[in-house]
Amino acid sequence: MSTATGSGRLSGTTLAARAAAVLRDNDTGALVTASPKLYPHMWSWDAAFIAIGLAYLDVRRALTELGTLLAAQWSDGMLPHIVFTDADGYFPGPDRWGTDTVTRRPASVRTSGICQPPVHAIALRRIVDVARANSAVEAELAESFTARAWQALYRWHRWIARHRIAEPQGLLTIVHGWESGMDNSPRWDAPYAGVRPGPDLPPYVRLDTLGVDDPAERPSDDEYHRYLWLIEQMRRAGYEPAEVLATSDFRVGDVFSTALFAVACDDLAHLADDLSLPFRAEVADLRTWAARSRRAVADAADPVSGLAFDLDLRSGERLRTRTVAAFAPLLCSALAEPLETRLLSDLTGPDWAGHPGLAAAVPPSVSPRVNGFDPRRYWRGPQWPVVVWLFSFALRRGGHTALARRWRQEGLRLLSDGSFGEYYEPFTGEPLGSTQQSWTAAVALDWLCGW
């Protein structure tokens, strides 16, 4: 663990201690909230990263985090994107989602009605590795949990394969930008333009803009109207998967989520093989889904640049927006080596992580050279530590160890003031959005303690 400091930077030891304090302070016992003020609930893909960070503090507590999320799984297999606590101050809350009448939702917990990227098997495999490195006792805890939880994660993957894989393209379908985790990314501008909120959209008052210093960092009111209209459409469809797909004004094949699904299927299959779990047919399914998803990402890639683009499933148009998600083939090793090399060269070059003005040499969410780049506005320009972690982790697995180490170092540079921002202004390194963000603290712990 590095102990070097620069002006205003914490040592690695101090940064790790601060990250651990964030996770402990945000812990309600059964779950770690995404952040203390802006996000006082559990978010699905946040929880996966948070569990990885928790493994360095207490493997049992990390497994509890995943167990809490899995306890909110719907009977058809879906993992909801929000598991609500009793906390007030967040909108849209459970009443707006209206899932209380959905019998597939567990009666003991209130949830939203959509999902998020399927990164949970990736997290569980990472936790098993951490536990084995810690002690035989913790290894046994992690392996026993995996044996118990494996079928729940398989049912989650099966739900995606049954209800959200768009044929013949094979891309994972999202029905709301929130399902991508990249809520207001320019990736979704064209699909959102086709969302026409009806005059009967119930009134609402936003609360998210009250939790940040500058409301301009958040999505616009116009965007929020569209977000809530999509919820209203799904609510009226009873969150029935087929009916949602048939009636939603937003249906997009998401290359980034598809790449993550490929990796997660492989990781879940690996865990079954590693622990000799008796699920041969299910493992075969996972291998098939992984191969199909990886092929779908490759098919979505431009044959010259290697950049992969989402598909608007309503219009049939490729969404050729240059965001960090276009580098999705690197997450799942979808391309042949020459095109992967070209893609890596682009990502590390002056349009992206190699831009000379960046405070930390990691990719922003949108290239600074693209029209519409906004360095302060959510997914339209800022740097997101969790995305940097995903790419550095994938690069490390894929054998690009030098670049992975460099991005780890630069990612820690971004976090070195100890505020653990939700996202960062790429030229100044200013933390934006919510601070003391749990998943930011979690990836810092993995970089500091697990590499």
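Taking each heavy atom of T247 and A237 in turn, the nearest pair found is OG1-CB, 4.1 Å. For the residue pair P385 and L414, the shortest heavy atom distance occurs at CG-CD2, 4.3 Å. Between A121 and L271, the shortest heavy-atom distance links the atoms O-CD1, 4.2 Å. Minimum interatomic distance between Q437 and S35 (heavy atoms only, all atoms of both residues): OE1-CB, 3.4 Å. The two residues S293 and F261 have their closest heavy-atom pair at OG-CD2, 3.3 Å. Nearest approach of P118 to A264, heavy atoms of both residues: O-CB, 3.1 Å.
Here the OG1-CG distance, from T173 to L313, works out to 5.0 Å after rounding to the nearest 0.5 Å. Atoms CE and CG, on M42 and D46 in that order, are 9.5 Å from each other to the nearest 0.5 Å. Between the CD atom in Q436 and the CG atom in L38 there is a gap of 13.0 Å [rounded to 0.5 Å]. The CG atom of L415 sits 10.5 Å away from atom CG of L10, with the distance rounded to the nearest 0.5 Å. Rounded to the nearest 0.5 Å, atoms CG (L268) and CG (L124) are 8.0 Å apart. Between the NE2 atom of H81 and the CG atom of L69 there is a distance of 12.0 Å, given to the nearest 0.5 Å.
Remark: side-chain polar atoms of E282 are not paired, donor with acceptor, to backbone N or O of A272 under 3.5 angstrom. With hydrogens and angles disregarded, a donor-acceptor distance shorter than 3.5 Å links the side chain of E410 to the backbone of A361. Here the side chain of E65 pairs no donor or acceptor atom with the backbone of L54 at under 3.5 angstrom. In this structure, the side chain of R196 engages the main chain of A193 through a donor-acceptor pair within 3.5 Å. No donor-acceptor pair under 3.5 Å is formed between the side chain of E143 and the backbone N or O of L275. A donor-acceptor pair is defined here as one N or O able to donate and one able to accept, closer than 3.5 Å; such a pair exists between the side chain of R294 and the backbone of C332. Under the 3.5 Å distance criterion, the side-chain polar atoms of W379 are left unmatched by any main-chain donor or acceptor of P186. Judged by distance alone, with hydrogens and angles left aside, the side-chain atoms of Q169 form no donor-acceptor pair with the main-chain N or O of G253 at under 3.5 Å. A distance-only check finds a donor-acceptor pair linking the side chain of T258 to the backbone of L172 [under 3.5 Å]. When atom types are taken as modelled, the side chain of S438 and the backbone of T33 share a donor-acceptor pair closer than 3.5 angstrom.
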Next on the checklist: Run D312 and R251 through salt bridge (charged side-chain N to carboxylate O under 4.0 Å, His left out) and show every step you take.
Outcome noted: CA-CA 6 Å; D312 188 330; R251 292 197 310 278; over 6 Å; no
Next on the checklist: If you apply the rule side chain to side chain contact (heavy atoms under 4.5 Å, CB included), what do you find for R320 with D310, and how did you get there?
Outcome noted: CA-CA 7 Å; R320 298 185 177 275; D310 306 303; over 6 Å; no
Checklist entry - Run the side chain to side chain contact (heavy atoms under 4.5 Å, CB included) check on L319 and F309 step by step: do they pass? => result CA-CA 6 Å; L319 303 172; F309 297 107; 5.6 Å; no
Next on the checklist: Could you walk me through whether D346 and R322 satisfy the salt bridge (charged side-chain N to carboxylate O under 4.0 Å, His left out) test, starting with their C-alpha distance in whole Å, then the side-chain angles of each, then the deciding distance to 0.1 Å, before giving a yes or no?
Outcome noted: CA-CA 11 Å; D346 189 7; R322 286 176 57 87; 3.7 Å; yes
Item to check | Pair D249-L230, side chain to side chain contact (heavy atoms under 4.5 Å, CB included): steps then yes or no | outcome: CA-CA 7 Å; D249 286 342; L230 292 174; 4.1 Å; yes
Next on the checklist: Set out, in order, the CA-CA distance, both residues' side-chain angles and the distance that settles side chain to side chain contact (heavy atoms under 4.5 Å, CB included) for E430 and R376, then state yes or no.
Outcome noted: CA-CA 9 Å; E430 177 190 355; R376 302 184 65 83; 2.8 Å; yes
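Using cut-offs of 30° and 60° on the angle between ring planes, the pair W74 and Y239 is perpendicular. In this pair, W159 and H163 present their aromatic rings tilted. The plane angle is within the 30 to 60° band.
Aromatic rings of F250 and W229 (six-membered ring for Trp) have centroids beyond the 6.0 Å cut-off, not under it. The aromatic ring centroids of W188 and Y192 lie 6.0 Å or more from each other. Aromatic rings of W407 and H400 (six-membered ring for Trp) have centroids beyond the 6.0 Å cut-off, not under it. Between F256 and W45, the ring centre distance reaches or exceeds 6.0 Å.
You'll find the side chain of R342 reaches within 4.5 Å of the side chain of V304, heavy atoms only. Looking at T435 and F420, their side chains never come closer than 4.5 Å, going by heavy atoms from C-beta outward. Proximity of W439 to W389: side-chain heavy atoms (C-beta onward) are nowhere separated by under 4.5 Å. Between S367 and F373, the closest side-chain pair of non-hydrogen atoms is not below 4.5 Å. Side-chain contact between L79 and L70 is present, with at least one heavy-atom pair separated by less than 4.5 Å. D285 is listed as a side-chain neighbour of Y154, based on a closest heavy-atom distance under 4.5 Å. Proximity of P382 to Y424: side-chain heavy atoms (C-beta onward) are nowhere separated by under 4.5 Å. Counting only heavy atoms from C-beta outward, the side chains of F393 and V443 never approach each other to under 4.5 Å.
With 3.5 Å as the limit, one finds no donor-acceptor pair spanning the side chains of W178 and S112. No hydrogens or angles considered: a donor-acceptor pair under 3.5 Å links the side chains of W447 and S392. No side-chain donor from either of D254 and S180 sits under 3.5 Å from a side-chain acceptor of the other.
Exactly one residue among R396, R126, R408 makes a salt bridge (Lys or Arg N to Asp or Glu O under 4.0 Å) with D446. That residue is R126. Screening D189, D183, D374 for a salt bridge (Lys or Arg N to Asp or Glu O under 4.0 Å) with R380, the sole residue that qualifies is D189. Each of Q116, E179, H120 was evaluated against S44; a single residue qualifies, H120, per the side chain to side chain donor-acceptor pair (under 3.5 Å) test. Results of the ring-ring contact (aromatic ring centres under 6.0 Å, His included) test with W384 over F391, F49, Y378 single out Y378 as the only residue that passes.
Remark: R162 CZ is loosely packed, at most 12 non-hydrogen atoms of other residues, nucleotides or ligands lying under 6.0 Å away. A 6.0 Å sphere centred on CD of E337 holds no more than 12 heavy atoms belonging to other residues, nucleotides or ligands.
Under the salt bridge (Lys or Arg N to Asp or Glu O under 4.0 Å) criterion, R125 pairs with D267, not counting sequence neighbours.
A salt bridge is absent between D266 and R397; no separation between the charged side-chain nitrogens and carboxylate oxygens falls under 4.0 Å. Ion pairing of R226 with D222 is present here, as a side-chain N (NZ or NE/NH1/NH2) and a carboxylate O approach within less than 4.0 Å.
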